[in-house]
**Student:** 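Structure incoming, see below.
The figures that follow rest on heavy atoms only: side chains count, while hydrogens, waters and symmetry mates do not. In the text below, chain A, chain B and the rest are named by the order of the sequence lines, each starting its count at 1. Quantities reported herein were computed from a predicted structural model and do not represent experimental measurements.
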Amino acid sequence: MPELPEVEVVRAGLQPAVTDAVVTGVEIFDERSLRRHVPAAESFTAQLSGRRILAAVRRGKFLWLPLDSGRALVIHLGMSGQVLLRTPGAAADRMLRIRLTLDHPTHGELWVNFVDQRIFGSMAVDSLVATTDGLPGGYWGTGETDAAWQRRLPSQVAHIARDPIDASFSSSTFLAVLARKNTGIKRALLDQNVISGIGNIYADEALFAARIHYEQPAASLSRAKATALLAAVRAILHRALAEGGTSFDAQYVNVNGQSGYFAHSLEAYGRQGAPCSRCGTLIVREQFMNRGSHFCPRCQRLR
DNA sequence: ATTCGCACCTGAGTGC
DNA sequence: TGCACTCAGGTGCGAA
């Protein structure tokens, strides 16, 4: 469940279930799902057992659950990760890699199943470091308590730029970075050090909305055009979030296993051979970064 | 210091 | 039915 809207759907679903819960069990079915875990002195299991979860936070496509130990459980879904909440005793999910058992003060026992087909995602316990700007590390929904974890973020997320729906996102910083980028605009949008949360689907959708060719040099965009692109990115992410994210199949689901509806609203991604909604020209798919780029050859010309 | 290609993986779908 | 091949929403590493 990869891009920002889908990850936020997972975060929002986790928050009420895991906040204030204590980890009472850890089962690792595939060690490869711990690829981002750096075993410091203690193992993944030892660092989680008995710890209380304080919140569910997200920056871009990274999720983390701050713990009462001062560290955090980092979750990245990769290309195919899912976090599913299950009642203990439920039938095992296919491709289950890690399971946590939580005990919540009011909801009781709960399984958190980390399912991942391709194993590009992972769970890890990581230290928290202070944000360089002193602002919140990510988005955690409501609740202003000024707790210690709020202005911190996992060390492995520190290099990730803020995402465009983060209240602390700086448009002027983004525009300045973009103006210095010596690469195509789509590469820049996908670079999580420049702006986070955007992946292949929403990059294509935003570029379609802003009528920009994916290989247009980033630095060649006028300030007005770049500003319009950022507005398009925000609009699309918000609309996708409101629809519960994009699902083509059962792979991209919320914590209850339900799909989102934004796939019906896609204008470019996956629509190769279908007419552009604006001009009727057939949408084209081109090979790009070992994937595809979808665009309207008439509305989105290289300039 | 940047930018770019590729490795990391499994499973579903297609065509022969 | 089986096999070879293509495709998939991400990230990080090393090489240029």
**Student:** What is the ring orientation for His76(A) with Phe62(A), classed by angle as parallel under 30°, tilted 30 to 60°, or perpendicular over 60°?
**Tutor:**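 Ring orientation, 0 to 90° scale: perpendicular.
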**Student:** I want to check one thing: is the phosphate of dG9(C), taken as OP1 and OP2, less than 4.0 Å away from some side-chain N or O of Tyr202(A)?
**Tutor:**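 Indeed not, no polar side-chain atom of Tyr202(A) lies that close.
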**Student:** So does Gly121(A) get a backbone contact from the side chain of Asp116(A), meaning a donor-acceptor N/O pair under 3.5 Å?
**Tutor:**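 Answer holds: yes.
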**Student:** Please determine whether the number of non-hydrogen atoms from other residues, nucleotides or ligands lying under 6.0 Å from atom CZ of Arg298(A) exceeds 12.
**Tutor:**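 Check fails, neighbour count at 12 or below.
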**Student:** Which dot-bracket notation, 5' to 3', represents the base pairing of DNA chain C when pairs are defined as Watson-Crick or G-U with both distances under 3.5 Å, crossing pairs as [ ], and inter-strand pairs as |?
**Tutor:** .|||||||.|||||||
**Student:** Which letter, B, S or -, goes with each nucleotide of nucleotides 11-16 of chain C from 5' to 3', with contact meaning a protein heavy atom under 4.0 Å?
**Tutor:** SS----
**Student:** Whole angstroms only, please: what is the NE2-C1' distance between His294(A) and dA8(C)?
**Tutor:**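 About 11 Å, once rounded to whole Å.
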**Student:** Earliest and latest nucleotide of DNA chain B, 5' to 3', sitting under 4.0 Å from a non-hydrogen atom of chain A?
**Tutor:**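 First-to-last contact on DNA chain B, by the 4.0 Å heavy-atom rule, is dT3(B) to dA12(B).
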**Student:** Given the P atoms of dC6(B) and dT6(C), what is the spacing between them in whole Å?
**Tutor:**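 These two P atoms come out 15 Å apart once rounded.
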**Student:** For Met95(A) and dA8(C), what is the distance between atoms CE and C1' respectively, to the nearest whole Å?
**Tutor:**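 Distance, rounded to whole Å: 13 Å.
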**Student:** Check whether NZ of the Lys or CZ of the Arg Arg86(A) lies under 6.0 Å from the centre of the six-membered ring of Trp111(A) and within 45 degrees of that ring's axis.
**Tutor:**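 Ring-cation test returns no.
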**Student:** Rounded off to whole Å, could you give me the CZ-to-P distance for the Phe288(A) and dC7(C) pair?
**Tutor:**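 These atoms are roughly 16 Å apart.
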**Student:** Say whether, by atom type as modelled, one donor and one acceptor occur between the side chain of Asn254(A) and the main chain of Val9(A) under 3.5 angstrom.
**Tutor:**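 No, because the side chain of Asn254(A) does not come within donor-acceptor range (under 3.5 Å) of the backbone of Val9(A).
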**Student:** Enter the distance from Leu77(A):CG to Arg118(A):CZ here, rounded to the nearest 0.5 Å.
**Tutor:**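 Nearest 0.5 Å value for the CG-CZ distance: 14.0 Å.
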**Student:** What is the separation between atom CD on Glu3(A) and atom P on dA8(C), rounded to the nearest whole Å?
**Tutor:**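 Distance check: Glu3(A) CD to dA8(C) P gives 13 Å.
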**Student:** Start at the 5' end of DNA chain B and walk down; is the nucleotide closest to Arg118(A) or to Gly184(A) reached first?
**Tutor:**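 The residue mapped nearer the 5' terminus is Gly184(A).
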**Student:** Glu27(A) side chain to Leu100(A) main-chain N or O, any donor-acceptor pair under 3.5 Å?
**Tutor:**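 Checking the backbone N and O of Leu100(A) against the side chain of Glu27(A), no donor-acceptor pair under 3.5 Å is found.
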**Student:** Mind running side-chain hydrogen bond (donor to acceptor under 3.5 Å, both in side chains) on Glu8(A) and Tyr139(A) for me, showing each step along the way?
**Tutor:** CA-CA 9 Å; Glu8(A) 175 56 23; Tyr139(A) 177 74; 4.7 Å; no
**Student:** Please check if the side chain of Glu267(A) supplies one atom and the backbone of Phe295(A) the other of a donor-acceptor pair under 3.5 Å.
**Tutor:**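 Not confirmed, Glu267(A) side chain does not pair with Phe295(A) backbone.
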**Student:** Would you say Arg97(A) and Ser33(A) are linked by a side-chain donor-acceptor pair, where the criterion is simply a distance under 3.5 Å?
**Tutor:**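 No, no side-chain donor-acceptor contact under 3.5 Å.
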**Student:** Take the protein atom CG of Asn290(A) and the nucleotide atom P of dA8(C), then report the distance between them rounded to whole Å.
**Tutor:**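 Computing the Asn290(A):CG to dA8(C):P distance gives 10 Å.
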**Student:** Using atom P in both nucleotides, what's the gap between dC9(B) and dG14(C) to the nearest angstrom?
**Tutor:**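 Approximately 15 Å lies between the P atom of dC9(B) and that of dG14(C).
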**Student:** Report the relative orientation of the aromatic rings in Tyr269(A) and Phe248(A); use parallel for angles under 30°, tilted for 30 to 60°, perpendicular for over 60°.
**Tutor:**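 Taking Phe248(A) first and then Tyr269(A), their aromatic rings lie parallel (interplane angle under 30°).
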**Student:** Using a heavy-atom cut-off of under 4.0 Å over every strand shown, decide if Asp116(A) touches base, sugar-phosphate, or nothing.
**Tutor:**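 The answer is nothing, as Asp116(A) stays clear of every strand by at least 4.0 Å.
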